[in-house]
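As the structure lists them, so they are numbered: ligands from 1, and atoms in each ligand from 1. The structure displayed is predicted, hence computed values, not measured ones.
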Amino acid sequence: MKLFKSYSEKEVKRLMPLVEQINGLEGEMSKLSDNELRGKTDYFKNQLKEGKTLDDILPEAFAVVREASKRVLGLRHFDVQLIGGIILHQGRIAEMKTGEGKTLVATLPVYLNALEGKGVHVITVNDYLAKRDSEWMGKLYKYLGLTVGLVIAGMEPKEKQEAYNADVTYGTNNEFGFDYLRDNMVIYKDQLVQRGLNYAIVDEIDSILIDEARTPLIISGRANESSDLYKKADSFVRKLSAKVIVEEDVKDYAQAEDNENYDYIVDLKAKSASLTQKGIKKAEDAFNLENFNDLENSTLVHHVNQALRAHGIMKKDIDYIVKDGEVLIVDEFTGRIMYGRRYNNGLHQAIEAKEKVKIADESKTLATITFQNFFRMYDKLSGMTGTAMTEEAEFQEIYNLDVVEIPTNKPMVRDDQNDVIYKNENAKYRAIVENVKESHKKGQPVLIGTVSIEKSEKLSKLLKDAGISHEVLNAKYHEKEAEIVAQAGKYGAVTIATNMAGRGTDIMLGGNSEYLAKEEMRNKKVSPELIEEANTYYETDDQNILKAREQFNSLVQKYENEIKEEKEKVINAGGLKIIGTERHESRRIDNQLRGRSGRQGDIGESKFYIGLDDDLMKIFGGDTITKVYNTMGADENLPIDSRIISKAVENAQKKVEGRNFSIRKNVLKYDDVMNAQREIIYKQRRQVLDGENIHDNIINTIESVAEVIVGMFIEGEEQTINIESLNTEINNIFGIDMLDYIKENKDNTQNIIDELKKKALEIYAQKEEEIGSEQMRELERIVMLKVVDEKWMNHIDSMDELKNGIGLRAYGQKDPVVQYRLEGFDMFDEMVSDIKFDVTKILMHIREQEETKRHETVKITGAALEAIHSVDGGAKIGTDVDRTVRNDGPKVGRNDPCPCGSGKKYKNCCGRNQ
Ligand code: ADP
């Protein structure tokens with residue numbers, strides 16, 4: 001018996017009266033006819049109009065959803081699901097274990113909040129789940145008179161507009177975020193697809209807001225740069241010798257003699273690679289340079305650095321795979337292949353050169369935002385997941401979201417066993433295979449989780465050698481894998497899966513009747529479309545569809561019965577067994593794996609196998625584990641099952657989690673600077689799109705340019721005006737010749753300014769007369785949009801460069817983020833000033849026949865543009881390598897702290913080549 005209640009227990013207890021209220025309404029609701037129940041939607045909308053709040057109508061609205069769900073889906077929300085629903089409505093995170101029915105939980109707050117008519121977004125991790133959930137739960141919303149939309153990549157803007165205008169919209173985080181960015185690149189208002197960010201429920205919120213938070217969304221276009229230099233850098237680096245460091249210990253950092261013995265040094269932990277003195281010498285010879293690190297060689301240095309990373313750090317089949325001549329990124333957390341994403345900063349091209357595939361054109365960033373800042377724009381944000389508690393602090397700090405652990409519907413009985421540790425991977429794998437064999441013999445289904453595709457394949461081979469048939473899932477084909485994983489609980493099933501494979505799919509003991517029914521229909525050669533129609537719910541009189549549905553339902557029934565017996569057998573064999581083949585960097589991911597077993601009170605077990613040579617152990621485990629291991633004097637093939645080791649492993653994980661959190665925080669700190677600027681620019685764009693009259697704005701702009709321009713040519717101690725230069729510039733910007741006037745008034749700048757303003761406005765008014773006021777207003781908007789877009793897109797790139805270089809220029813105690821913010825604001829001011837000058841210049845030179853049609857600065861739909869979700873962001877800041885040592889800063893002593901902010905001494909860090 002616990003003495004104190006946890007935070008979650010208290011929070012849950014506080015909601016019990018509400019739950020009772022909802023339960024109390026059940027009898028009443030069940031007596032309503034279908035029409036009466038549907039009528040509640042209008043009734044609630046009226047109540048809101050009359051001033052009631054969502055909280056006021058919550059109990060009744062939830063009772064309506066539960067009743068509708070019973071009728072339409074045949075599912076009655078459990079009490080714990082009501083609690084989860086309330087938490088979501090309150091804009092918090094509901095932690096609910098796998099199999100607790102989160103998809104159904106969401107229907108409660110979705111319905112309630114949709115009543116306000118401002119749109120509710122339900123965000124899932126992939127298109128397949130968005131589609132599945134929107135169709136499955138869509139049946140319920142439609143029954144209650146709400147509209148449902150689905151946003152999928154590649155849809156036409158018209159279709160997207162419709163989806164976003166629906167009461168409820170399902171889609172992925174990527175698509176919602178990209179649409180936001182794209183909306184801020186359109187040139188006419190009717191091209192906007194989104195209508196504001198009101199309320200979001202994020203499914204698997206940890207995966208979206210934590211795992212993906214290091215990698216900002218980026219829309220980029222292509223800049224044409226030759227791929228030649230990548231190839232040259234690649235063939236140069238190929239011939240070099242490397243020293244690889246895995247330990248974190250400073251002692252093991254580059255030694256003086258390494259400078260003579262190796263060409264470059266790879267530090268796996270810091271994910272950095274850089275040339276030694278010897279390497280630099282070789283580069284100078286190879287490329288015929290006087291001094292490799294001179295500013296004028298910075299392009300080459302950059303290419304060489306990326307080639308070093310490509311060869312030293314990026315590992316084929318772990319970090320990326322090569323498929324059909326393309327380099328595809330593998331997500332380190334989930335093992336998923338991230339189609340369409342590219343490493344930024346030329347790293348992707350460097351890997352393409354290394355793998356000798358076609359090198360894609362370099363891309364230019366046109367718009368970018370982090371998920372953190374995107375999701376913080378929602379008026380209300382909430383989320384659900386099976387695993388959030390370990391990241392509670394981060395959710396609180398970054399998103400102001402608290403996590404409430406919702407009790408399970410039935411008590412959890414899964415047996416989570418202690419970790420066992422082996423001396424090396426081979427011994428570990430032998431033990432795993434033995435364990436699988438044992439379970440397999442008694443028919444117990446086993447799900448084996450791996451951290452990478454490569455490891456999945458290795459294990460698969462071992463199981464094959466042992467004669468155990470099994471399935472392997474790599475998160476490549478969401479839909480197909482969902483079907484396979486759904487059967488992972490069948491009697492005798494053995495399934496190997498990377499972290500993300502089949503996530504969101506429920507594993508039922510004995511198998512999944514719906515998926516089995518689908519499979520049988522496929523075997524009977526029913527067309528895929530018809531199978532889908534059979535499994536999608538909407539009203540139709542199409543006889544083919546109705547027949548298919550009937551067939552589907554009877555197959556489901558048949559399999560239900562078969563599964564009942566199967567399930568008994570599986571339960572007798574011990575339920576689903578989870579085997580973890582390695583501890584992940586994050587405890588959360590391990591918990592997700594365990595969570596695939598033991599759903600809804602099912603029996604099950606889980607166990608992790610660890611090798612001393614696992615990456616986590618090697619890099620972060622430290623000496624303790626090895627020492628403990630050695631004192632126990634174990635035989636290589638005997639495992640150690642020790643609490644000390646489990647603790648040490650957990651500590652290692654906490655260490656990495658903490659480090660990853662700070663990396664994410666850092667990404668955010670930098671993006672916050674951009675965010676402030678982005679808001680200003682996007683707001684201005686919106687005004688233009690909304691067709692607002694910006695004439696006053698333009699007049700102000702012209703006047704302020706007049707002031708600035710005169711000030712620019714006051715020179716020297718005497719503060720005299722450089723008459724000729726000023727006149728040339730005035731001519732250039734305003735198209736006015738004022739030489740005589742300036743000469744006469746050279747001692748009175750205010751006169752010059754006033755005269756310039758007067759003349760400029762006269763000319764502008766004259767132009768307006770010729771062109772017509774209406775057309776002039778549109779021209780003002782066109783010019784503003786075009787100039788702002790152009791400058792802003794260049795600014796994004798400059799800010800990126802600033803971020804990469806800032807570590808070097810922020811010396812001593814200065815915080816690089818502060819420096820970045822200060823310099824970033826200066827650059828922003830400069831950009832704003834540039835915009836003013838350009839706008840003035842264009843408008844002062846505008847002619848009558850000027851076309852009044854808006855043009856995109858970049859074509860967002862054109863083939864010249866690719867949308868990417870770029871990876872690398874996190875690693876790039878602070879810890880990373882783009883440490884092109886420049887010669888323009890003050891000198892740093894060898895024993896000073898390194899200016900890159902790593903905390904190491906300069907000689908052991910960026911300065912080790914000096
Ligand atoms: P989660 O995402 O929480 O792991 P899902 O939403 O995939 O869970 O649902 C798991 C399974 O539980 C589904 O098959 C669903 O039909 C079932 N389920 C959910 N809620 C209920 C309920 N109230 N009664 C019966 N079955 C339910």
Need the ligand 1 atom indices (1-based, order shown) with element for anything under 4.0 Å from a heavy-atom of [X].
{"X": "Glu100", "result": "3 (O)"}
{"X": "Thr98", "result": "4 (O)"}
{"X": "Met508", "result": "14 (O)"}

Is Leu75 touching ligand 1 with its side chain, its backbone, both, or neither, if touching means heavy atoms under 4.0 Å apart?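 For Leu75, only side-chain atoms sit under 4.0 Å from ligand 1.
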Taken to the nearest 0.5 Å, the spacing of Phe395 CZ from Ile93 CD1 works out to 4.0 Å
Within-cut-off N or O pair, Gly101 and ligand 1, under 3.5 Å: yes
Give yes or no for whether the N/O distance cutoff of 3.5 Å, strictly under, is met between Thr103 and ligand 1.
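The answer is yes, given that Thr103 and ligand 1 share an N or O pair closer than 3.5 Å.
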Among residues two or more places apart or on two chains, list those pairs meeting side-chain hydrogen bond (donor to acceptor under 3.5 Å, both in side chains) that have a residue in residues 55-68.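 Every side-chain hydrogen bond (donor to acceptor under 3.5 Å, both in side chains) pair that includes a residue of residues 55-68, provided the two are not neighbours, is Asn23-Arg66, Glu26-Arg66, Lys40-Glu60, Thr53-Asp56, Asp55-His89, Arg66-Asp79, Glu67-Lys70, Glu67-Arg71.
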- prompt: Do the side-chain N and O atoms of Asn409 and Glu100 include a donor-acceptor pair separated by under 3.5 angstrom?
  reply: no
message = Parallel, tilted or perpendicular: which one describes the rings of His121 and Phe176, with boundaries at 30° and 60°?
response =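 Tilted.
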Exercise. Return yes when Arg76 approaches ligand 1 closer than 4.0 angstrom through a heavy atom, no otherwise.
Key: yes
Ligand 1 contacted by Met384 (non-hydrogen, < 4.0 Å): no
Checklist line | Pair Lys131 + Glu135: basic N to acidic O under 4.0 Å | finding: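 Looking at Lys131 and Glu135, the cut-off is met.
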message: Assess whether a salt bridge exists between Asp179 and Lys160, defined as any Lys/Arg side-chain N lying under 4.0 Å from an Asp/Glu carboxylate O.
response: yes
**OP:** Name all residues meeting the side-chain contact (heavy atoms from CB on, under 4.5 Å) criterion together with Glu650; count only those two or more places apart in sequence or in a different chain, and write none if there are none.
**Re:**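 Expected list: Arg587, Gln653, Lys654.
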Review point. Of the choices Lys102, Met96, Gln81, which has the non-hydrogen atom that lies closest to atom 20 (N) of ligand 1?
Key: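 Minimum heavy-atom distance to atom 20 (N) of ligand 1 goes to Gln81.
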